[in-house]
**Student:** 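Can you read through this structure? Questions will come right after.
What's counted below: heavy atoms across the whole structure, side chains too, no hydrogens, waters or symmetry copies.
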Amino acid sequence: MPLVTLWTGREIKALREAARMTTIEFAEKLGVSDRIVTSWETGGVASVPRMVNQAALDTLLSKSDPDVHGRFVGLLSIDDPDPRQLIEPDSSRALSGQYVKHPRDGKLMAHVPEGIFLSGEDDEPIWVDEFYIDTFPTTNADWARFCAATGRRPPLHWDGGRCPQHLYDHPVVEITWVDAAAFAVWAGKSLPTSVQWEKAARGTTGATFPWGNAKTAAKCNVRETGIDSTTSVSRYHSGVSPYGVYDLVGNVWEWLATPDGTGRYELKGSAWTSPLFRGAPSSFNSADDFMQDDDTGFRCTASPDQMPSQ
């Protein structure tokens, strides 16, 4: 979750717009009048909410979903060339069902318990140790935070080095394996191995797709869906895996930690450019580590040792 050190008009307006609320709806959430909200948003630094209101804003942000967090960070990044001045990853984590917030980058991670699952086209039983995996692919807003913190280049297709606002909660693309691995190190995580990714997608029973065995393109963003671009990482609720992980089929191919010879690494998941059958988690694909394309992104995993103790 993003952390705001002091709420001023700029941050307040960004949160309201990220939550897609009217001024009246936002005021009701905070227990103040809409006139006060307007005064905060238009008063600049001189109009700073009282401490009780600062706490209410902190609470509203902390209870918001990851899409709101992504849009919030992106909105702040538009006007501030150095978001590090205002935004840092939270140092705490919060449990919500099977999800855990990672302490470094604040992203929701799904818990995958240790045990055997059926892997590959032959459903070979394989043991996988316990791990956590990002609930959503790495978004453009996530990448903007990484660039601000490390000075790494933004994707070449971002106009003027800025991500278009409507793409904040879409997966980042044009990312090489080297880029993805650098992000994982910065976030205190790792790229998934092939078997970790496959187990997170299929569960333990050998299902063909995250949602079961039905060849249903409507549950994901693939060529047959006909959207012809990336989509929000939280769009396809009916396509989540048994562990509650989104977008494991379609939207973007995802880089993995598993090598396929010198300078090549596996990818899984298919993409908006590819047919549904290529998204079967048991299928194989790989590419050169410096390949970058408009349908390739990634997500991260973490071992229990990379997470704070319960």
**Student:** Can we say Asp123 and Arg202 salt-bridge, meaning some charged N sits less than 4.0 Å from an Asp/Glu carboxylate O?
**Tutor:**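 Salt bridge present between Asp123 and Arg202.
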**Student:** When you check the side-chain N and O atoms of Asp169 and Ser232, is any donor under 3.5 Å from an acceptor?
**Tutor:**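 Yes, Ser232 and Asp169 have a side-chain donor paired with an acceptor closer than 3.5 Å.
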**Student:** Taking atom types as modelled, find out whether Ser119 and Glu198 have a side-chain donor-acceptor pair closer than 3.5 angstrom.
**Tutor:**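 Indeed, the side chains of Ser119 and Glu198 share at least one donor-acceptor pair under 3.5 Å.
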**Student:** Test Phe136 against every option in Tyr236, Tyr99, Tyr246, Phe298 by the ring pair (Phe, Tyr, Trp, His ring centres under 6.0 Å) rule and name the one that passes.
**Tutor:**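 The passing option is Tyr246.
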**Student:** May I ask you to decide if Gly279's main-chain N or O and Ser283's side chain share a donor-acceptor pair within less than 3.5 Å?
**Tutor:**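 A pair under 3.5 Å: no.
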**Student:** Any idea which heavy atoms bring Trp272 and Asn251 closest together, and the distance?
**Tutor:**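 Taking every non-hydrogen atom into account, CD1-O, 3.0 Å.
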**Student:** So which residues get pulled into Val249's cluster when ILVMFWY side chains under 4.5 Å apart are joined, directly or through others?
**Tutor:**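 Members alongside Val249: Phe209, Trp211, Val222, Leu276.
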**Student:** Are any side-chain N or O atoms of Ser286 and backbone N or O atoms of Asp260, one a donor and one an acceptor, separated by less than 3.5 Å?
**Tutor:**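 Not confirmed, Ser286 side chain does not pair with Asp260 backbone.
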**Student:** Output yes when Asp179 and Arg153 qualify as a salt bridge under the 4.0 Å nitrogen-oxygen rule, no when they do not.
**Tutor:**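 Answer for the salt bridge query: yes.
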**Student:** May I ask you to check whether over 12 heavy atoms, not counting those of Arg152, lie within 6.0 Å of atom CZ?
**Tutor:**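 Yes, CZ of Arg152 has more than 12 neighbouring heavy atoms, counting only those of other groups under 6.0 Å.
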**Student:** Testing Arg16, Arg10, Lys13 one by one against Glu41 for a side chain to side chain donor-acceptor pair (under 3.5 Å), which residue passes?
**Tutor:**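 Single side chain to side chain donor-acceptor pair (under 3.5 Å) partner of Glu41 among Arg16, Arg10, Lys13: Arg16.
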**Student:** Could you tell me whether a side-chain N or O of Thr225 sits under 3.5 Å from a main-chain N or O of Ile227, the two making a donor and an acceptor?
**Tutor:**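 No, Thr225 side chain to Ile227 backbone: no donor-acceptor pair under 3.5 Å.
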**Student:** Determine whether Tyr132 and Gln306 satisfy the following criterion, side chain to side chain contact (heavy atoms under 4.5 Å, CB included), listing intermediate values before the conclusion.
**Tutor:** CA-CA 9 Å; Tyr132 297 83; Gln306 292 172 309; over 6 Å; no
**Student:** Whether Arg299 and Asp247 form a salt bridge (side-chain N of Lys/Arg under 4.0 Å from carboxylate O of Asp/Glu) is what I want to check.
**Tutor:**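 The answer is no: the pair does not qualify as a salt bridge.
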